[in-house]
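Data block below; observations after.
We're numbering straight along the sequence, starting at 1.
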Amino acid sequence: MAATTHTVTNQVPPLVGYDVFNADRALAEGVERHSAPALLDVTRTELTALGRTAGAAAAQEWGAQANEFPPKLRTHDRYGNRIDEVDFHPAWHQVLGQAVSAGLTDAWGRPGGHLRRAAGFFVWTQVEAGNGCPVSMTHAAVPALRVEPDLAAEWEPRLTSHRYEPGLRPAAEKAGALFGMGMTEKQGGSDVRANTTSARPLDTEGEYLLTGHKWFCSAPMCDGFLVLAQAPGGLTCFLVPRVLDDGTRNVFLIQRLKDKLGNRSNASAEVEFDGTWARRVGEEGRGVRTIIEMVAATRLDCVLGSAALIRQSVAQAVHHATYRSAFGGELINKPLMRNVLADLALESEAATTLALRLASAYDVIQSAGSGDGGGTGGDGGGDADHERAFLRLAVPAAKYWVTKRCTPVAGEALECLGGNGYVEESGMPRLLRESPLNSIWEGSGNVQALDVLRALQREPEALNAFLQEVGRARGADHRLDAAIKDLLTELADLTGIEARARRLVERLALVLQGSLLVRWAPPEVADAFCASRLGGDWGSAFGTLPHTLDLASVVDRARPVG
């Protein structure tokens with residue numbers, strides 16, 4: 001018989017056995033809002049199935065195990081032959097295989113595909129964030145490859161396949177393939193034009209041999225990689241297959257795996273190219289322009305990934321407060337804790353709403369190009385030219401701001417669990433470690449801010465589209481109207497603009513989020529967001545919302561389960 005001191009009471013049940021998609025009202029409503037009516041039932045059915053899988057105890061265990069047992073590098077076999085393989089725990093293959101089978105690399109050319117895929121990516125990231133790296137790069141490689149129709153015809157069916165086939169074999173023998181990317185080098189980092197990897201052309205048109213070192217090469221067990229190298233005509237994009245058509249392995253020397261701050265499940269590597277065979281993608285000297293579409297798509301996934309981490313952090317905090325009693329009652333009913341949870345919930349809903357709006361824009365553009373009529377069905381932009389210009393400014397602004405908000409949200413949510421949140425078994429430390437990643441991946445905050453300035457200075461149609469978007473909510477909230485007016489004043493004075501770039505991009509993102517919430521969120525959510533983020537009635541930490549707001553309704557909306 002157990003001693004009385006070992007009796008467990010007042011502990012919170014694990015957040016499992018629920019539908020991650022439908023339990024998230026902001027996410028489910030956003031999908032319904034932006035889906036074309038003819039696509040909604042199928043989209044909802046697919047996302048519900050994925051949401052139930054994501055909320056199952058088995059999937060949560062896969063995510064934990066994939067991080068508890070990280071990948072291991074094997075440079076040589078027992079005989080001394082160079083093999084450059086990375087071994088993963090079976091749980092990694094379960095997580096990544098489920099992502100592929102759920103179509104999280106399949107959006108291009110599928111009516112409504114970007115919204116469906118974005119929502120699925122959002123759901124599945126809450127199981128395990130590391131798998132999002134190869135999933136995102138595989139998805140994003142498609143528009144870059146389309147610069148070369150022959151390459152696209154060969155690779156696109158594999159990249160959009162719902163079949164997961166790990167292992168190093170010729171891609172032609174696989175029903176599905178994954179892509180990685182190698183852009184940065186140790187001397188350049190974000191300044192990819194400083195790359196020193198060289199590309200020597202062969203006699204066969206479009207074929208080259210690469211020599212150089214990539215400081216960060218993501219997911220080294222993928223089937224192919226897009227990389228940048230210096231060709232005779234300048235910086236150029238190349239496709240590097242892991243295994244050649246004849247079955248021999250390409251020269252892809254993995255020097256080491258990075259010991260990262262964030263997830264432990266995915267492998268990031270340093271690799272050497274030494275006469276590595278590659279195919280050119282696009283013209284020589286136009287490497288950045290060729291790969292920029294891939295970068296834009298992965299930046300959107302940074303927004304989605306951070307929004308998903310924010311949502312899972314908030315879900316765990318609200319769930320804990322619902323079941324945990326202290327000081328004579330449940331935590332969720334304590335006014336101060338309710339203020340903290342409501343503040344976190346606002347951050348989550350704003351990030352989710354913005355991410356889905358961006359994803360829906362891709363569907364409008366894709367629908368216009370294909371003439372299939374399967375674009376957004378909700379209150380979005382509706383015009384492909386508008387959406388393209390809108391994305392040019394909105395994506396880097398959203399990437400800057402949402403990824404920046406992820407770490408403070410994760411830290412505050414962890415504190416809501418107290419000491420229980422500080423132990424690994426809660427899952428909160430994994431969320432916190434992962435939270436800074438997306439602000440660095442695909443360009444740090446300064447890179448995003450400078451990209452916004454570039455768009456403002458060179459592409460006036462981008463600002464016009466942005467202002468049209470936020471203008472749809474004008475007159476609905478006086479604090480939003482004042483914020484738009486202040487933003488216009490700041491945009492009118494470009495003196496010393498680079499030093500003010502972060503401040504400007506923050507205001508762009510907040511005004512955009514506020515305009516979307518005023519149009520689409522419940523009144524209590526929009527009111528609280530505008531009062532705090534735009535109206536200035538807010539402190540310097542979470543939990544400082546005006547006490548007169550309807551905070552209980554905001555928190556109730558964020559509950560992961562009833």
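Of the inter-residue distances, the one linking L96 atom CG with W62 atom CH2 reads 12.0 Å to the nearest 0.5 angstrom. For the atom pair L487 CG and F466 CZ, the distance stands at 6.0 Å (nearest 0.5 Å). Atom CZ in F21 sits 8.5 Å away from atom OG1 in T43 (nearest 0.5 Å). Note that OH of Y362 is 10.5 Å distant from CZ of R388, once rounded to the nearest 0.5 Å. D385 CG to E461 CD: the interatomic distance, rounded to the nearest 0.5 Å, is 9.5 Å. Considering SG of C133 and CE of M181, their distance stands at 7.5 Å, rounded to 0.5 Å.
Between the side chain of E442 and the backbone N or O of L300 there is no donor-acceptor pair closer than 3.5 Å. Looking at R117, its side chain never comes within 3.5 Å of a backbone N or O of W108 through a donor-acceptor pair. In this structure a side-chain-to-backbone donor-acceptor pair under 3.5 Å is missing from N339 to P335. Using modelled atom types, one side-chain atom of K399 and one backbone atom of G443 make a donor-acceptor pair closer than 3.5 Å. Here the side chain of Q366 pairs a donor or acceptor atom with the backbone of A107 at under 3.5 angstrom. Proximity of a side-chain donor or acceptor of R454 to a complementary backbone N or O of E459 within less than 3.5 Å is not detected. Judged by distance alone, the side chain of R44 and the main-chain N or O of A28 form no donor-acceptor pair under 3.5 Å. In this structure, the side chain of D481 engages the main chain of G475 through a donor-acceptor pair within 3.5 Å. Using a distance-only test at 3.5 Å, with no hydrogens or angles considered, a donor-acceptor pair links the side chain of D363 to the main chain of G113. With hydrogens and angles disregarded, a donor-acceptor distance shorter than 3.5 Å links the side chain of T138 to the backbone of F179.
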Inset, instruction - Could you go through the side chain to side chain donor-acceptor pair (under 3.5 Å) check for E524 and S553 one step at a time? - result: CA-CA 7 Å; E524 61 272 14; S553 295; 4.6 Å; no
Legend entry - L115 and S35: CA distance, side-chain angles, deciding distance, side-chain contact (heavy atoms from CB on, under 4.5 Å) verdict: CA-CA 7 Å; L115 178 66; S35 289; 3.4 Å; yes
Legend entry - Check against side-chain contact (heavy atoms from CB on, under 4.5 Å), L516 and E469: CA-CA 9 Å; L516 297 177; E469 184 71 23; 3.9 Å; yes
Legend entry - Worked check of side-chain contact (heavy atoms from CB on, under 4.5 Å) between R503 and E490: CA-CA 10 Å; R503 178 185 178 92; E490 191 163 1; 3.9 Å; yes
Inset, instruction - Please lay out, stage by stage, how T48 and N22 fare under the test side chain to side chain donor-acceptor pair (under 3.5 Å). - result: CA-CA 7 Å; T48 295; N22 285 296; 2.8 Å; yes
Inset, instruction - Evaluate the criterion salt bridge (Lys or Arg N to Asp or Glu O under 4.0 Å) for residue pair R507 and D486; output intermediate values, then yes/no. - result: CA-CA 9 Å; R507 297 306 295 174; D486 290 344; 5.4 Å; no
Inset, instruction - Give the C-alpha distance, both sets of side-chain angles, the deciding distance and a yes or no for side chain to side chain donor-acceptor pair (under 3.5 Å) between E128 and N263. - result: CA-CA 8 Å; E128 201 288 306; N263 70 80; 5.3 Å; no
Legend entry - Trace of the side chain to side chain donor-acceptor pair (under 3.5 Å) decision for Q98 with T53: CA-CA 9 Å; Q98 180 63 44; T53 301; 4.7 Å; no
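Nearest approach of L391 to P396, heavy atoms of both residues: O-CD, 3.8 Å. Heavy atoms only, all atoms of each residue included: T544 and G539 are closest at OG1-N, 2.9 Å. V554 approaches A342 most closely through the heavy-atom pair CG1-O, 3.7 Å. For V314 against S348, the heavy-atom pair with the smallest separation is CG2-CB, 4.1 Å. The minimum heavy-atom distance between R338 and V555, with the atom names listed, is O-CG2, 3.6 Å. In plain terms, the two heavy atoms of R479 and A531 that are nearest each other are NH1-CB, 3.2 Å.
Applying side chain to side chain contact (heavy atoms under 4.5 Å, CB included) to T403 and the options S439, S444, S435, P436 leaves one that passes, S439. Considering D343, D477, D527 as possible partners of R533, the one that fulfils the salt bridge (charged side-chain N to carboxylate O under 4.0 Å, His left out) test is D343. Test E347, E412, E506 against R405 for salt bridge (charged side-chain N to carboxylate O under 4.0 Å, His left out) and you get one pass: E347.
Side-chain N/O atoms of D301 and W441 include no donor and acceptor closer than 3.5 Å.
Taking the six-membered ring where tryptophan is involved, the planes of W520 and H34 are perpendicular, since the angle between them exceeds 60° and thus also 30°.
Other residues, nucleotides and ligands contribute over 12 non-hydrogen atoms within 6.0 Å of the CD atom of Q457.
You'll find the side chain of T322 stays beyond 4.5 Å of the side chain of V561, heavy atoms only.
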